[in-house]
Number of protein chains: 2
Amino acid sequence: MTELEQQIKTYFGVLRPEELQNIGALFKPSMLKKGDFLLQEGRRCDKMSFIQSGLLRIYALADGKEITQWISTPGYFVTDLAGFMLESPSRWTVQALTDAEVFTISRDNYKTLTELVPRWNELEKLFLVKCFTIMEDRIFSHLSKTAEERYQFFFDHHREFFNQVPLQYIASMLGMTAETFSRVRKKQLP
Amino acid sequence: MTELEQQIKTYFGVLRPEELQNIGALFKPSMLKKGDFLLQEGRRCDKMSFIQSGLLRIYALADGKEITQWISTPGYFVTDLAGFMLESPSRWTVQALTDAEVFTISRDNYKTLTELVPRWNELEKLFLVKCFTIMEDRIFSHLSKTAEERYQFFFDHHREFFNQVPLQYIASMLGMTAETFSRVRKKQLP
DNA sequence: GTGATTTCTTGATATTTGTCAAGAGCGGGG
DNA sequence: CCCCGCTCTTGACAAATATCAAGAAATCAC
């Protein structure tokens with residue numbers, strides 16, 4: 001079992017060995033150098049990538065500023081879901097924050113998953129529902145929490161980010177400036 | 001073709017008449033009085049409802065305050081997606097803001113849709129991707145826009161809400177207080 | 001190592017938004 | 001028709017957050 005297969009297994013739960021192998025074969029490995037772009041806002045988005053190692057930042061421009069929407073870490077998929085699934089232009093730019101190793105599946109190959117893995121539709125559905133739910137929670141946190149509370153919550157649940165990612169990007173994805181982030185952080189440290 | 005069938009057709013695009021009829025038969029009509037609850041936070045969520053008429057508010061408590069997550073209008077579905085799809089407790093309370101008429105499908109009936117409508121999986125997927133995308137946009141608006149800009153955007157795209165819905169709920173779902181909403185609104189009116 | 005970049009922190013200040021309190025408007029029930 | 005409850009607005013003020021500018025700290029290339 002390759003590493004990718006292991007990861008996919010972790011991700012989608014129980015899969016038979018031959019299913020895993022079939023899925024794994026549809027992904028192509030590639031290396032990204034720090035700063036490389038995996039996706040660019042406005043361009044086509046024909047692929048989805050599984051992150052084996054490295055960190056990728058998802059962002060878009062608003063009023064000339066880069067707004068970080070999320071930072072993707074190993075073990076997760078990254079794409080513009082709407083672009084990939086609906087063949088619309090990508091709304092996000094995805095750039096490597098570090099050197100990274102990804103496994104990429106094309107839209108065409110993705111479409112064959114249903115044939116290879118009978119319960120793919122079910123797995124995909126659970127995946128989408130999970131994605132949606134995470135977004136619901138994030139919105140709710142913006143409706144009900146202060147910057148400080150959002151910081152605290154994120155810190156409690158994603159402490160691993162803090163050593164690896166430039167803090168300014170975390171600030172942006174939590175909806176505050178780097179300065180506010182720094183002050184909130186200082187208050188919370190001791 | 002019943003009204004529900006018409007609506008479902010609008011919603012999911014081209015469907016054959018017999019498919020439509022099959023789908024329609026799975027939904028049960030019911031009437032809600034203003035103030036009635038369709039769903040309650042923490043309880044089971046075994047159903048999804050299509051809104052024929054009326055307005056429903058989706059909210060949850062945070063620090064004792066009701067945070068309005070969304071207001072659902074005729075032509076759309078309402079449920080706690082995670083609760084319905086994953087059989088987890090509902091995270092939202094759904095209450096009728098006006099008398100309302102809904103068509104409700106149970107989880108069990110929902111599961112039979114795949115048999116009745118061959119391309120249901122495809123339609124469901126598009127539905128979920130759309131939901132996800134809307135959420136992405138909403139988050140981005142919180143990361144990149146001021147309260148005033150969020151108001152303006154919402155006003156431009158959902159003017160119909162403003163005559164029908166208590167403004168305090170719109171304020172909450174845009175992530176501001178009723179007072180701020182009122183001031184922003186005044187500034188924008190002339 | 002050392003200098004050059006980039007990132008992070010800090011301070012001063014401005015702006016935005018929230019809170020509290022009061023009053024105005026409005027609609028429904030008797 | 002009038003009162004009551006609910007919603008919306010307004011004002012005064014407080015708190016949170018942003019902005020701008022500068023310096024400190026960390027990181028990177030050589």
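Below, chains carry the letters A, B, ... as their sequence lines are ordered, and counting in each starts from 1.
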Peer 1: Roughly, in whole Å, what's the span from CZ in B:Phe181 to P in D:dT10?
Peer 2: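 Those two atoms, CZ and P, are 13 Å apart.
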Peer 1: When you check the gap from the basic side-chain N to the acidic O, do A:Glu66 and A:Arg57 get nearer than 4.0 Å?
Peer 2: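 Answer for the salt bridge query: yes.
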Peer 1: Does the side chain of A:Ser182 get closer than 4.0 angstrom to OP1 or OP2 of C:dT9 through an N or O atom?
Peer 2: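 It does, given that an N or O in the side chain of A:Ser182 lies less than 4.0 Å from OP1 or OP2 of C:dT9.
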Peer 1: Indicate, yes or no, whether a donor-acceptor pair under 3.5 Å links the base of D:dC20 to the side chain of A:Glu179.
Peer 2: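 Donor-acceptor pair under 3.5 Å: yes.
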Peer 1: Kindly say if A:Thr177 contacts the phosphate of D:dA18, meaning a side-chain N or O under 4.0 Å from OP1 or OP2.
Peer 2: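 True: A:Thr177 side-chain N/O within range (under 4.0 Å) of D:dA18 OP1/OP2.
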Peer 1: Output the residues of residues 139-148 of chain B in contact with DNA chain C, where contact means a heavy atom of the residue under 4.0 Å from an atom of the strand; sort by number or write none.
Peer 2: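 Heavy-atom cutoff 4.0 Å gives B:Thr146, B:Ala147.
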Peer 1: Are any of the side-chain nitrogens in A:Lys111 or A:Glu87 under 4.0 Å away from the carboxylate oxygens of its partner?
Peer 2: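 Salt bridge between A:Lys111 and A:Glu87, a charged N being under 4.0 Å from a carboxylate O: yes.
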Peer 1: Among A:Ser90, A:Ser72, A:Cys45, find the residue that satisfies the side-chain contact (heavy atoms from CB on, under 4.5 Å) test when tested with A:Thr79.
Peer 2: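 Per the side-chain contact (heavy atoms from CB on, under 4.5 Å) rule, the option paired with A:Thr79 is A:Cys45, out of A:Ser90, A:Ser72, A:Cys45.
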Peer 1: Please state whether the phosphate of C:dT9, meaning OP1 or OP2, lies under 4.0 angstrom from any side-chain nitrogen or oxygen of A:Arg185.
Peer 2: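 It does, given that an N or O in the side chain of A:Arg185 lies less than 4.0 Å from OP1 or OP2 of C:dT9.
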Peer 1: Expressed in angstrom and rounded to an integer, what is the separation of B:Arg183 atom CZ from D:dT7 atom P?
Peer 2: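 Atom-to-atom, B:Arg183 to D:dT7, this comes out as 19 Å.
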Peer 1: Should the ring pair A:Tyr151 and A:Phe155 be called parallel, tilted or perpendicular, given that the plane angle runs from 0 to 90° and is split at 30 and 60?
Peer 2: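 Aromatic pair A:Tyr151/A:Phe155 classed parallel.
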Peer 1: I'd like to know if B:Asp46 and B:Arg107 make a salt bridge, using a cut-off of under 4.0 Å between side-chain N and carboxylate O.
Peer 2: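 Salt bridge flag = yes for B:Arg107 with B:Asp46.
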Peer 1: On the 0 to 90° scale, with breaks at 30° and 60°, tag the B:Phe162-B:Phe181 ring pair as parallel, tilted or perpendicular.
Peer 2: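 Rings of B:Phe162 and B:Phe181: parallel, as their planes differ by under 30°.
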Peer 1: For the residue pair A:Phe103 and A:Phe50, does the interplanar ring angle fall in the parallel (under 30°), tilted (30 to 60°) or perpendicular (over 60°) class?
Peer 2: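 Correct class here is tilted.
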Peer 1: Take A:Met176 and B:Ala178, find for each the nucleotide of DNA chain D with the closest heavy atom, and name the residue whose nucleotide sits nearer the 5' end.
Peer 2: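 Looking at the nearest nucleotide for each, B:Ala178 comes out on the 5' side.
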Peer 1: Do B:Tyr59 and B:Ile134 share a hydrophobic cluster (ILVMFWY, side-chain heavy atoms under 4.5 Å, transitive)?
Peer 2: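 No, no single cluster joins them.
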Peer 1: On the nucleotide D:dT10, are OP1 or OP2 found under 4.0 Å from the side-chain N or O atoms that B:Lys186 carries?
Peer 2: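 So the side-chain polar atoms of B:Lys186 do come within 4.0 Å of the phosphate oxygens OP1 or OP2 of D:dT10, strictly under.
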Peer 1: Looking at five pairs on each end of the helix from C:dG1-D:dC30 to C:dG30-D:dC1, what is the angle between the two axes, given to 10 degrees?
Peer 2: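 Rounded to the nearest 10 degrees, the bend comes out at 50°.
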